[in-house]
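No hydrogens, no waters, no symmetry mates; every other heavy atom, side chains included, goes into these values. Counting convention: from 1, in listed order, for ligands and their atoms alike.
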Amino acid sequence: MTDAVLDLRGVTFRRNGTEILHGVDLTVRAGERWAMLGPNGAGKSTVLGFCGAVAHPTSGTVDVLGHRLGRVELQALRRRIGHVNPRHPLRSDLTVTQVVLTGITGTTDLPPRWQPTEVQVATAHGLLHDVGMTARRDAAWPVLSQGERGRALIARALVAEPDLVLLDEPTTGLDVAAREQFLETLDDLAVRRPELTTVLVTHHLEELPPSTTHVVVLAHGAVVAAGPVDEVLTTETVTEAFEHPIEVAHERGRWTARAMRRAAMQA
Ligand code: ADP
Ligand code: MG
């Protein structure tokens, strides 16, 4: 499949004698905006690590941006991937603009003697503007709120003009206003960069941006369902994955999950 940005075939992963993933298949094409859903411990971050060329599977094949993991230098591949990791260090002596520039160097700190070009600084400022952070661009990283950090990390993920953006539970710890701003930023991105492919990991249906096109649901290290959002995000699939009766509703572009009373189910 030549237009596949991500192609996972029969992917297994073993750690300390335990199989964590049991044959995961997943194909993501250019311009698709996926959400990866599933309970805690389902294997979402592990799968995202393969998508981000962070680790190799135990068996099976992973193709990222047309390159097979195991045959390509991971570092080179990673430069084409923006990875929004909410566990980005909170302590840093850098300003917001400098943190965004570390997306170019692919590091947490700015390497000694590395100097951004004027064009690179302008690009960083432009992206900070896009995520509504112009007023904060010279602020020290530790003084930002969580919501501001999340938006700055999107700018960081985009500064090297990646072909693929991965977001692992980016809304963790955000209050409701910050979460909504964050989702708006993702929707704006979908409009401004329609060719960009994104994979967003969450375990909250309420956190799916309206621009989501596809969903993969994981449980116990296996894919429960994958495909277009309207086909996959159903009461049946979510109930199966979370092993709890959950009613899925879709209204004005947003999804909600509500626990169903067992008595009501049996009626
Ligand atoms: P999720 O992101 O869906 O919560 P993870 O991918 O982080 O799930 O983890 C899936 C399972 O694999 C969990 O049970 C976790 O404890 C286990 N796991 C993940 N990484 C490792 C590792 N490096 N060593 C041992 N167990 C791991
Ligand atoms: Mg995780």
Side-chain angles (χ1 to χ4, degrees), residues 6-28 33-64 69-70 74 77-78 81-90 108 146-147 149-150 153-154 156-157 164-174 178-179 182-183 186 197-209 212 214-227 229 232-234 237-244 246 248 255 257 259:
L6 290 168
D7 202 21
L8 283 69
R9 294 282 140 216
V11 166
T12 70
F13 188 60
R14 235 171 267 121
R15 262 288 137 45
N16 309 326
T18 309
E19 194 172 276
I20 293 167
L21 297 178
H22 324 287
V24 168
D25 296 320
L26 182 67
T27 304
V28 172
R33 291 175 295 280
W34 282 72
M36 191 183 293
L37 280 169
N40 284 323
K44 303 182 297 296
S45 294
T46 306
V47 171
L48 207 68
F50 300 136
C51 300
V54 175
H56 294 281
T58 304
S59 64
T61 60
V62 178
D63 292 289
V64 181
L69 296 195
L74 294 184
L77 201 48
R78 275 184 218 143
I81 302 168
H83 203 143
V84 178
N85 185 348
R87 282 167 285 279
H88 194 86
L90 302 183
T108 304
Q146 282 219 50
R149 272 194 203 114
L153 289 177
I154 292 190
R156 180 182 185 274
L164 172 64
V165 171
L166 308 171
L167 306 109
D168 198 344
E169 300 193 35
T171 48
T172 301
L174 298 193
R179 182 187 81 181
F182 188 87
L183 296 181
L186 290 185
T197 310
T198 58
V199 182
L200 165 76
V201 172
T202 179
H203 43 218
H204 298 295
L205 268 65
E206 289 76 5
E207 298 186 345
L208 296 190
T212 304
H214 291 72
V215 172
V216 51
V217 182
L218 289 179
H220 300 296
V223 173
V224 175
V229 58
V232 170
L233 220 51
T234 62
T237 312
V238 174
T239 294
E240 183 187 343
F242 286 80
E243 295 172 351
H244 192 84
I246 292 168
V248 175
W255 283 266

Over all atoms of both residues, closest heavy-atom pair of [X] and [Y]:
| X | Y | value |
| --- | --- | --- |
| Ala42 | Ala219 | CB-CA, 4.0 Å |
| Phe50 | Leu69 | O-CD1, 3.6 Å |
| Leu233 | Val248 | O-CG1, 3.6 Å |
| Gly221 | Val24 | O-CG2, 3.8 Å |
| Gly227 | Val232 | N-CG2, 3.2 Å |

Legend entry - atom 11 (C) of ligand 1 protein-contacted, heavy-atom criterion under 4.0 angstrom: yes
Inset, instruction - Determine if the distance from atom 16 (O) of ligand 1 to the closest protein heavy atom is below 4.0 Å. - result: no
Inset, instruction - Could you see which bit of Leu218 sits under 4.0 Å from ligand 1, with heavy atoms only: side chain, backbone, both or neither? - result: neither
Legend entry - Proximity to ligand 1 by part of Arg15, non-hydrogen separation under 4.0 Å: side chain
Specify the protein heavy atom at minimum distance from [atom]: its residue, its atom name, and the distance to 0.1 Å.
| atom | answer |
| --- | --- |
| atom 14 (O) of ligand 1 | Gly41 O, 4.0 Å |
| atom 8 (O) of ligand 1 | Gly43 N, 3.2 Å |
| atom 6 (O) of ligand 1 | Thr46 OG1, 2.5 Å |
| atom 26 (N) of ligand 1 | Ile20 CD1, 3.6 Å |
| atom 7 (O) of ligand 1 | Ser45 CB, 3.7 Å |

List ligand 1 atoms under 4.0 Å from [X], heavy atoms only on the residue side.
| X | answer |
| --- | --- |
| Pro39 | 3 (O) |
| Asn40 | 4 (O) |
| Ala42 | 1 (P), 3 (O), 8 (O) |

[X] side chain to [Y] backbone, donor-acceptor under 3.5 Å:
| X | Y | result |
| --- | --- | --- |
| Asp63 | Leu6 | no |
| Lys44 | Met36 | no |
| His83 | Leu48 | no |

Inset, instruction - Give yes if a backbone or side-chain nitrogen or oxygen of Glu169 is under 3.5 Å from a nitrogen or oxygen of ligand 1, and no if not. - result: no
Inset, instruction - Please lay out, stage by stage, how Thr58 and Thr12 fare under the test side chain to side chain donor-acceptor pair (under 3.5 Å). - result: CA-CA 6 Å; Thr58 304; Thr12 70; 4.9 Å; no
Inset, instruction - Could you tell me whether any N, O or S atom belonging to Ser45 is less than 2.8 Å from the Mg ion (ligand 2)? - result: yes
Legend entry - Note, Thr197 side chain near Val28 side chain (heavy atom, < 4.5 Å): yes
Legend entry - Residue-ligand contact Gly221/ligand 1, heavy atom below 4.0 Å: no
